Engineer: 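Below is a structure I'd like to ask you about.
Please read all numbers here as calculations on a predicted model, not as lab measurements.
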Amino acid sequence: MNIPRTSFPRVVIIGCGFAGISLAKELGKQEVQVVLLDRHNYHTFQPLLYQVSTGGLEPDSIAYPIRKIVKNYPNFYFRLANVASVDPEKKCVCTDIGDINYDKLIIATGSKTNFFGNASIEKYSMVMKTIPQSLNLRSLILENFEQALLISDLEERNALMNFVIVGAGPTGVELAGALAEIKKGILPKDYPDLDIRQMKINLVQGSDRILPAMSEKASEKAEDYLQELGVEVWKDLRVTNYDGDWATTNSDINFKTATLIWSAGVKGATIAGLDGEDFIVRGNRMVVNEFNLVKGFKDIYALGDIACMKSELYPFGHPMMAQPAIQQGKNLGKNLLREIKGKEMKPFVYNDKGSMATVGRNKAVVDLPNFKFQGVFAWFVWMFVHLFFLIGFRNRMIVFINWVYNYIRFDREARLIIRPYKKTRKL
């Protein structure tokens, strides 16, 4: 990898998501050599991926070059690589561009979509965990309407305009709301010769309420907002299979759809060599102690979605969201520096700052530790928080300008089929 030798301890970070970048910033100008490994050369602001999928934002407005983040840090090296495995005995990371040894290894690989072992759903459904996947979904949504114009068969045409979103967490709720707004304000103008009233948006949730991680008040209000927008909300319903044409459920309700979007769960993105049964638990996460040290190891740490730090308050680990990842990254960075200086580490304590979700224009729900609110003010709070956590002044300005423009004109300029997507179909 052409990483120079140094007398400083070498910290290798796998993954440049919220956790990895947060840790890197803490180690920025310290006497450590930091090597960042990621399969992309950019950091993705995942909470806004749904807006890329629905034409609200271009992908470069929610991505930021990793090299630009660390350009002013001495002893920092970034390598574009796919990590194949880790050899803990040799303290070596094996990648497609070569191997590298470490003194401290940080696993910050995040999560990937969990299909719960259903190969058919995995093959035929759409997911939205990366920018390329979001662009694929954007292309498919628009291609469906282009194709619907050409089809005379009413059943097939309706299937092209029937969208099924499985999983009513923040991602599913926000995507459903965005599609509903497109149906209301944009598609009738873009496709005047197509009966857009036949477009259906189905949000399917396996439990008895949407946004189950938020308060009951937030769930109820979000459902009211979705129904106002024309979204059909199905609760206590599980999609058991999808063959590219029909989505079957655990009841007699089935959906004929050309587009099923799976947002029903995630699991940790583990690495070969660090996938032992003794420290991998529910959700494919790695068991760590209060210092984020992986169980059974002395020099391997895990952060963010991949890490399961059990406690009385969080028996299954912290929520797989950005805030725990950011806070764990900062804490571990400080702890690594304390350890180098011979000082004691400080245990991680999660500061729950709340959760939020937006449903659409002037519609959002916010749960803070001591205050819960919904509506227009919640929508402005949601926008401010997301702008604040975006990396880069340019990205903040572009996203802000896009939001203002979309709000005034009720438009989404990025509804472009830049890269056509051919969906896998049943033979």
Side-chain angles (χ1 to χ4, degrees), residues 17-19 21-22 25 42-64 69 128 131 134 169-178 180-181 185 210-211 213-215 217-219 221-222 224-226 228-229 304 318-330 350-414:
F18 288 110
I21 292 300
S22 178
K25 288 181 176 179
Y42 55 84
H43 166 81
T44 303
F45 191 75
Q46 289 188 335
L48 293 181
L49 279 173
Y50 83 95
Q51 294 206 6
V52 174
S53 299
T54 53
L57 296 172
E58 282 290 3
D60 61 339
S61 61
I62 66 165
Y64 198 81
I69 296 173
M128 196 178 59
I131 285 178
S134 294
T171 298
V173 167
E174 291 174 346
L175 181 60
E181 291 201 322
I210 67 173
L211 297 176
M214 297 185 69
S215 66
K217 178 63 176 178
S219 298
K221 198 65 179 178
D224 290 343
Y225 288 148
L226 287 170
E228 286 176 21
L229 291 169
H318 296 101
M320 298 170 79
M321 302 188 303
Q323 270 304 313
I326 293 170
Q327 293 178 32
Q328 286 180 3
K330 290 180 178 179
Y350 176 47
N351 177 19
D352 186 359
K353 297 182 179 180
S355 55
M356 58 185 68
T358 181
V359 182
R361 183 187 182 95
N362 296 332
K363 298 178 176 67
V365 292
V366 173
D367 284 353
L368 299 180
N370 300 312
F371 187 38
K372 298 173 176 58
F373 52 99
Q374 306 84 34
V376 177
F377 180 62
W379 186 65
F380 279 107
V381 170
W382 178 92
M383 287 195 298
F384 172 79
V385 169
H386 283 70
L387 284 173
F388 179 80
F389 282 104
L390 270 170
I391 298 178
F393 176 77
R394 172 189 172 276
N395 283 12
R396 294 189 185 106
M397 285 302 300
I398 289 176
V399 170
F400 177 72
I401 291 170
N402 268 277
W403 284 349
V404 171
Y405 178 84
N406 293 344
Y407 186 82
I408 296 173
R409 296 292 304 273
F410 213 111
D411 202 359
R412 289 173 179 255
E413 292 290 341

Engineer: Minimum heavy-atom separation for Ser61 and Glu58, please, with both atom names.
Structural biologist: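 So the two residues come closest at OG-O, 2.6 Å.
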Engineer: Do Tyr50 and Pro170 have side-chain heavy atoms sitting under 4.5 Å apart?
Structural biologist: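 Answer no - side chains too far apart.
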Engineer: Determine the minimum heavy-atom distance between Ala176 and Leu226, stating which atoms define it.
Structural biologist: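 What the structure gives for the nearest pair is CB-CD2, 4.1 Å.
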Engineer: Once rounded to the nearest 0.5 Å, what's the spacing between atom NZ of Lys363 and atom CD of Gln374?
Structural biologist: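 Answer for the NZ-CD pair, Lys363 versus Gln374, is 13.5 Å.
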Engineer: Within the side chain of Ser22, is there an N or O that forms a donor-acceptor pair under 3.5 Å with the backbone of Lys330?
Structural biologist: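 Checked: pair present.
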Engineer: Output the distance between atom OG (Ser355) and atom NZ (Lys372), rounded to the nearest 0.5 Å.
Structural biologist: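 So the OG of Ser355 and the NZ of Lys372 are separated by 8.5 Å.
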Engineer: Atom CD in Gln51, atom OG1 in Thr358: separation rounded to 0.5 Å?
Structural biologist: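 Result: 8.0 Å between the selected atoms.
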Engineer: Quick check: are there more than 12 heavy atoms from other residues, nucleotides or ligands sitting under 6.0 Å from OH of Tyr350?
Structural biologist: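 Enclosed.
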Engineer: Sequence neighbours left out, what pairs pass salt bridge (charged side-chain N to carboxylate O under 4.0 Å, His left out) with at least one residue falling in residues 377-393?
Structural biologist: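 For residues 377-393: none.
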Engineer: When rounded to the nearest 0.5 angstrom, what distance separates CG in Leu368 from CG in Asp352?
Structural biologist: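 Spacing of CG (Leu368) from CG (Asp352) equals 9.5 Å.
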Engineer: Check the pair Val359, Val365 against side-chain contact (heavy atoms from CB on, under 4.5 Å), reporting the backbone distance first and the verdict last.
Structural biologist: CA-CA 8 Å; Val359 182; Val365 292; 5.6 Å; no
Engineer: Calculate, to the nearest 0.5 Å, the distance between atoms OG1 and CD1 belonging to Thr44 and Ile131 respectively.
Structural biologist: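 One gets 4.0 Å once the value is rounded to the nearest 0.5 Å.
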Engineer: How far does OG of Ser134 sit from CG of Leu175, to the nearest 0.5 angstrom?
Structural biologist: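 Going from the OG atom of Ser134 to the CG atom of Leu175 covers 9.0 Å.
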Engineer: With a 3.5 Å distance limit and no angle check, can you tell me whether Tyr225 reaches the backbone of Gly375 through a side-chain donor-acceptor pair?
Structural biologist: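 It does hold such a pair.
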Engineer: Considering only distance and modelled atom types, tabulate donor-acceptor pairs under 3.5 Å from the side chains of residues 320-328, sequence neighbours left out.
Structural biologist:
{"from": "Gln323", "atom 1": "OE1", "to": "Gln327", "atom 2": "NE2", "distance (Å)": "3.0"}
{"from": "Gln327", "atom 1": "OE1", "to": "Asn351", "atom 2": "N", "distance (Å)": "2.9"}
{"from": "Gln327", "atom 1": "NE2", "to": "Asn351", "atom 2": "O", "distance (Å)": "2.9"}
{"from": "Gln328", "atom 1": "OE1", "to": "Asn292", "atom 2": "ND2", "distance (Å)": "3.2"}
{"from": "Gln328", "atom 1": "OE1", "to": "Gly304", "atom 2": "N", "distance (Å)": "2.9"}

Engineer: Would you name the heavy atoms of Met128 and Ser53 that are closest together and state the gap between them?
Structural biologist: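 For Met128 versus Ser53, the nearest heavy atoms are SD-OG, 3.0 Å.
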Engineer: Taking side-chain hydrogen bond (donor to acceptor under 3.5 Å, both in side chains) as the test, write out the residues that go with Asp367, two or more places apart.
Structural biologist: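 Scan of Asp367 (side-chain hydrogen bond (donor to acceptor under 3.5 Å, both in side chains), adjacent residues dropped) gives Ser215.
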Engineer: Walk me through it: do Ile62 and Asn395 pass the test side-chain contact (heavy atoms from CB on, under 4.5 Å)?
Structural biologist: CA-CA 7 Å; Ile62 66 165; Asn395 283 12; 5.9 Å; no
Engineer: Which residues satisfy the side-chain hydrogen bond (donor to acceptor under 3.5 Å, both in side chains) test with Ser219, sequence neighbours excluded?
Structural biologist: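 Listed in chain order: Arg209.
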Engineer: Going by salt bridge (charged side-chain N to carboxylate O under 4.0 Å, His left out), name the pairs with one or both residues in residues 382-410, residues two or more places apart or in two chains.
Structural biologist: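 Found Asp60-Arg394.
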Engineer: Would you give me the side-chain donor-acceptor pairs under 3.5 Å for residues 378-392, sequence neighbours excluded?
Structural biologist:
{"from": "Trp379", "atom 1": "NE1", "to": "Gly360", "atom 2": "O", "distance (Å)": "3.2"}
{"from": "Trp382", "atom 1": "NE1", "to": "Glu174", "atom 2": "OE2", "distance (Å)": "3.4"}
{"from": "Trp382", "atom 1": "NE1", "to": "His386", "atom 2": "NE2", "distance (Å)": "3.4"}
{"from": "His386", "atom 1": "ND1", "to": "Trp382", "atom 2": "O", "distance (Å)": "2.8"}

